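Inspection log for the structure reproduced underneath, given as structure tokens.
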Protein chains: 2
Amino acid sequence: MAQKKQHCDCLSTIKPVRDTLDVINGKWKLPIIISVGVGNDRFTDIQESIPGITPKVLAKELKDLEQHKLITRIVADEYPVKITYKLEPYADTLTPIIYALKDWGENHRKVVTER
Amino acid sequence: MAQKKQHCDCLSTIKPVRDTLDVINGKWKLPIIISVGVGNDRFTDIQESIPGITPKVLAKELKDLEQHKLITRIVADEYPVKITYKLEPYADTLTPIIYALKDWGENHRKVVTER
DNA sequence: GATAGTACTTTCCTAAAGGAAAGTAAGATT
DNA sequence: AATCTTACTTTCCTTTAGGAAAGTACTATC
């Protein structure tokens, strides 16, 4: 019988990780969720709280996040019409991810400056 | 005094999160770390363990991960020359992130199929 | 009537990511 | 001598992400 070394299976981890990445992928989605979560609910406030984001990108990402049921766009029927963004409760399930990324980033900065 | 509503500050969270994303961004880096972490140490094994990855992309991502000191490329001075990839101990610090992403992805799959 | 603020959209462009297919260099095997 | 295996590289191409700048529609305020 020919010796045939096989690769180790890791699909049970890779698949769900990829599913998550498909949702929160990119440079801006998590920063937007963080900003809205902390209380920024107006377009301009969100924009100003995230350095470097342009209105075009923000508008596009907000639409993506709406489609994934992570954020709601609320149009208040007042004068003047007021548009606010809120996190869906489902977005709170991202908290462990956000903290894991935050902690790692803080530590990584130390590691890199000491290298 | 004019009423000037200001956006809420969330840079202390956004900045480290972005630092982390700069390192592990993209579709392939975490899957590669997972695969190598589980024992796949040869190029071909890693490639076969990650569905859809092409050799070009794998080669490029492995170089990126080497630069970030997350993976080492080891050339064994044997005949035939054998090249293996190993996780650096530093890559273990990514474990909480990987589990957070895995857990969320598993739950999200349930949520989406029930919707 | 002019200016300012809010929440975007539009246009145009560049860079990076990703993929398909084939090629290659070196040694090993038949 | 021919084929196989390993670890890639090369070429070519498409898609996606991202950014700069200006514009717009509406309302409010001076």
Side-chain angles (χ1 to χ4, degrees), chain A residues 1-8 14 17-18 21-32 35-36 40-68 71-86, chain B residues 1-8 14 17-18 21-32 35-36 40-68 71-86:
Chain A
M1 210 209 260
Q3 205 187 353
K4 192 168 194 176
K5 217 171 85 184
Q6 272 180 281
H7 64 262
C8 305
I14 287 181
V17 166
R18 289 247 303 241
L21 292 178
D22 286 344
V23 176
I24 58 164
N25 215 347
K27 207 172 161 181
W28 301 113
K29 290 199 183 67
L30 286 176
I32 291 167
S35 174
V36 177
N40 295 303
D41 59 357
R42 310 295 304 270
F43 191 90
T44 310
D45 291 340
I46 302 168
Q47 195 188 325
E48 284 170 3
S49 71
I50 303 174
I53 200 165
T54 61
K56 183 190 116 176
V57 168
L58 179 55
K60 192 232 163 202
E61 299 287 37
L62 283 170
K63 277 173 199 160
D64 287 357
L65 292 169
E66 256 197 282
Q67 283 202 331
H68 285 298
I71 275 184
T72 338
R73 183 179 190 268
I74 301 160
V75 183
D77 245 2
E78 303 165 8
Y79 289 102
V81 174
K82 208 176 164 188
I83 292 163
T84 53
Y85 295 91
K86 301 278 180 200
Chain B
M1 210 208 263
Q3 204 187 354
K4 192 168 193 176
K5 216 170 88 185
Q6 272 180 280
H7 64 263
C8 305
I14 288 181
V17 167
R18 288 247 304 242
L21 292 178
D22 286 344
V23 176
I24 59 163
N25 214 348
K27 207 172 161 181
W28 301 113
K29 289 200 184 66
L30 286 176
I32 292 167
S35 174
V36 177
N40 295 304
D41 60 357
R42 311 293 303 271
F43 191 91
T44 309
D45 291 339
I46 302 168
Q47 194 187 325
E48 284 170 3
S49 71
I50 303 173
I53 201 166
T54 60
K56 183 190 116 176
V57 169
L58 178 55
K60 191 231 164 202
E61 299 287 36
L62 284 170
K63 277 173 200 160
D64 287 356
L65 292 169
E66 256 197 281
Q67 282 202 332
H68 285 299
I71 276 184
T72 339
R73 183 179 190 268
I74 301 160
V75 183
D77 244 2
E78 304 163 8
Y79 288 102
V81 174
K82 209 176 164 186
I83 291 163
T84 55
Y85 294 91
K86 299 278 180 201

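The chains referred to below are lettered A, B, ... by the order of the sequence lines, with proteins before strands, and numbering in each begins at 1. The figures that follow rest on heavy atoms only: side chains count, while hydrogens, waters and symmetry mates do not. On a predicted model such as this, the values are computed, not experimentally measured, just so you know.
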Enumerate donor-acceptor pairs with a distance under 3.5 Å from any side-chain N or O in residues 60-67 of chain B to protein atoms, sequence neighbours excluded.
from: Lys60(B); atom 1: NZ; to: Asp64(B); atom 2: OD2; distance (Å): 3.4
from: Glu61(B); atom 1: OE1; to: Lys29(B); atom 2: NZ; distance (Å): 3.1

What's the [atom1]-[atom2] distance between [X] and [N], to the nearest Å?
| X | N | atom1 | atom2 | value |
| --- | --- | --- | --- | --- |
| His7(A) | dT6(D) | NE2 | P | 13 Å |
| Ile74(B) | dC8(D) | CD1 | P | 12 Å |
| Ile32(B) | dC8(D) | CD1 | P | 12 Å |

What distance separates Leu58(A) CG from Phe43(A) CZ, expressed to the nearest 0.5 Å?
4.0 Å
Could you give the distance from CG (Leu21(A)) to NZ (Lys27(B)), rounded to the nearest 0.5 Å?
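With rounding to 0.5 Å, CG (Leu21(A)) is 10.5 Å from NZ (Lys27(B)).
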Checking the side chain of Asn40(B) only, and the main-chain atoms of Ser35(B) only, is there a donor and an acceptor separated by less than 3.5 Å?
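Judged by distance alone, yes, a pair lies under 3.5 Å.
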Between the main-chain N or O of Thr84(A) and the side-chain N or O of Arg73(A), is there a donor-acceptor pair closer than 3.5 Å?
no
Can you check each nucleotide of nucleotides 5-21 of chain C against protein heavy atoms at under 4.0 Å and return B for base, S for sugar-phosphate only, - for none, in 5' to 3' order?
-SSBBBBB----SBBB-
